[in-house]
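Notes for the one structure printed next.
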Amino acid sequence: AIMYDPFTKHVFTFNARSKDSTVVDAATGKVLGTVPLGGKPEFPATDEKGKVFVNIEDKSEIAEIDANKLTVLNRWPLGSCQEPSALAFDRAHHRLFAGCDNKLMAVVDSVSGKVVTTVPIGEGVDAGRFDANTQEVFMSCGQDAVMAVIHEDSPDKYTVTQNVPTAK
């Protein structure tokens with residue numbers, strides 16, 4: 001995966017084989033450093049204030065990275081949510097949404113790292129997005145050929161409103 005952080009103006013590439021992130025200055029193309037992640041990174045998100053979050057799939061955790069110092073600040077276990085691949089972010093309410101292989105989405109507080117709740121989703125999740133206008137989380141679940149639509153009723157309460165059929 002690759003992600004641009006507008007706060008630092010850095011490009012983060014996440015490398016599954018070497019279990020790290022290479023960070024590049026977007027303006028110059030210069031490699032700024034490598035952040036060891038200690039596991040297989042999957043999908044990132046940024047708070048656009050100096051923190052980058054990435055799922056560590058083989059450890060079932062989220063790593064919190066200081067985007068300026070290029071260091072891992074915290075590693076947060078996802079509890080019952082195993083092998084996270086998708087990651088979406090509600091920056092306003094500090095909620096990360098990790099779509100996991102065992103048909104769950106973990107809602108994680110991006111300040112404390114605590115799992116707030118889990119929500120059922122389909123099998124084979126690969127990507128996730130959050131729409132701040134509608135307060136909806138979308139998780140594409142290829143194995144079940146559905147897109148789970150989850151409404152954020154409040155930062156601590158979530159309701160699955162639809163499982164939209166998709167092509168496999």
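Sequence positions, counted from 1, serve as the residue numbers for this chain.
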Report the C-alpha separation of Asp126 and Ser140 in whole Å, then their side-chain angles, then the decisive distance to 0.1 Å, and conclude whether the side-chain hydrogen bond (donor to acceptor under 3.5 Å, both in side chains) test is met. CA-CA 6 Å; Asp126 192 45; Ser140 66; 5.8 Å; no
Taking atom types as modelled, find out whether Asp20 and Thr34 have a side-chain donor-acceptor pair closer than 3.5 angstrom. no
Between Met147 and Met139, does a side-chain contact (heavy atoms from CB on, under 4.5 Å) hold up when you go through it step by step? CA-CA 5 Å; Met147 179 177 59; Met139 290 283 161; over 6 Å; no
What closest approach, in Å, do Pro6 and Thr46 show between heavy atoms, and which atom pair accounts for it? CD-CG2, 4.3 Å
Nearest heavy-atom contact between Val125 and Ser85 is O-OG, 2.9 Å
Say you draw a straight line from CD1 of Ile150 to CD1 of Ile121; how long is it, rounded to the nearest 0.5 Å? 6.5 Å
Could you walk me through whether Phe97 and Tyr158 pass ring pair (Phe, Tyr, Trp, His ring centres under 6.0 Å), step by step? CA-CA 11 Å; Phe97 307 107; Tyr158 297 81; 5.7 Å; yes
Measure from the side-chain N and O atoms of Thr117 to the backbone N and O of Val107, and report whether any donor-acceptor pair falls under 3.5 Å. no
Tell me whether Phe12 is reachable from Val54 by hopping between hydrophobic residues (I, L, V, M, F, W, Y) whose side-chain heavy atoms are closer than 4.5 Å. yes
Do Val24 and Met3 share a hydrophobic cluster (ILVMFWY, side-chain heavy atoms under 4.5 Å, transitive)? no
Which value, rounded to the nearest 0.5 Å, describes the distance between Lys49 atom NZ and Phe7 atom CZ? 9.5 Å
Evaluate side-chain hydrogen bond (donor to acceptor under 3.5 Å, both in side chains) for Ser21 paired with Asn15, printing each intermediate quantity in order. CA-CA 6 Å; Ser21 176; Asn15 313 305; 5.8 Å; no
Tell me whether Val52 is reachable from Val11 by hopping between hydrophobic residues (I, L, V, M, F, W, Y) whose side-chain heavy atoms are closer than 4.5 Å. no
Can you tell me how far CG of Asn68 sits from OG1 of Thr8, rounded to the nearest 0.5 angstrom? 6.0 Å
Donor-acceptor contact present, side-chain Asn163 to main-chain Val146, <3.5 Å: no
Check the hydrophobic clustering (I, L, V, M, F, W, Y; side-chain heavy atoms under 4.5 Å; chains of links allowed) and say if Val115 and Phe53 are grouped together. yes
Under 6.0 Å between the ring centres of Phe43 and Phe14? no
Test side-chain contact (heavy atoms from CB on, under 4.5 Å) on Ile65 and Thr71; report intermediate values, then the result. CA-CA 6 Å; Ile65 300 168; Thr71 58; over 6 Å; no
Polar side-chain atom of Asp90 near backbone of Ala92 as donor-acceptor pair, under 3.5 Å: yes
Main-chain N/O of Leu104 paired with Thr118 side-chain donor or acceptor, under 3.5 Å: no
For Arg91, is the CZ atom crowded, meaning more than 12 foreign heavy atoms sit under 6.0 Å from it? yes
If Ile, Leu, Val, Met, Phe, Trp and Tyr residues are connected whenever their side-chain heavy atoms lie under 4.5 Å apart, and connections chain through other members, are Met105 and Val116 in the same group? yes
Between Arg95 and Glu152 (salt bridge meaning N to carboxylate O under 4.0 Å), is one present in this structure? no
Taking every heavy atom of Asp25 against every heavy atom of His10, the minimum-distance pair comes out as CA-CD2, 4.5 Å
Step-by-step side-chain contact (heavy atoms from CB on, under 4.5 Å) determination, Gln82 to Ser60: CA-CA 5 Å; Gln82 300 297 305; Ser60 298; 3.2 Å; yes
Heavy-atom pair with the smallest gap, counting every atom of Leu78 and Ala98: CD1-CB, 4.1 Å
Test your reading of the model: is there a side-chain donor-acceptor pair from Glu61 to the backbone of Asp58, 3.5 Å cut-off? no
How about Arg75 and Glu64: do any of their side-chain heavy atoms sit closer than 4.5 Å? no
The test is side-chain hydrogen bond (donor to acceptor under 3.5 Å, both in side chains); show your working for Glu42 and Asn55 and say whether it passes. CA-CA 5 Å; Glu42 200 35 54; Asn55 285 331; over 6 Å; no
Contact check, side chains of Lys51 and Leu73, non-hydrogen atoms, under 4.5 Å: yes
Would you say that Ile62 contacts Ile56 through its side chain, given a criterion of any heavy-atom pair below 4.5 Å between the two side chains? no
For Gly39 and Lys19, the nearest pair of non-hydrogen atoms, with its separation, is O-CB, 3.2 Å
Trace of the ring pair (Phe, Tyr, Trp, His ring centres under 6.0 Å) decision for Phe130 with Phe89: CA-CA 6 Å; Phe130 176 73; Phe89 196 9; 9.0 Å; no
Can you give me the closest heavy-atom contact between Leu37 and Val72, atom names plus distance? CD2-CG2, 3.9 Å
How long is the span from the NZ atom in Lys40 to the CZ atom in Arg17, to the nearest 0.5 Å? 10.5 Å
What distance do Lys30 atom NZ and Leu32 atom CG have between them, rounded to the nearest 0.5 Å? 6.5 Å
Interatomic spacing from SG in Cys81 to CG in Asp101 - rounded to 0.5 Å: 9.5 Å
Whether the Ser154 and Asp156 side chains hold a donor-acceptor pair (N or O, under 3.5 Å, no angle test) is what I'd like checked. no
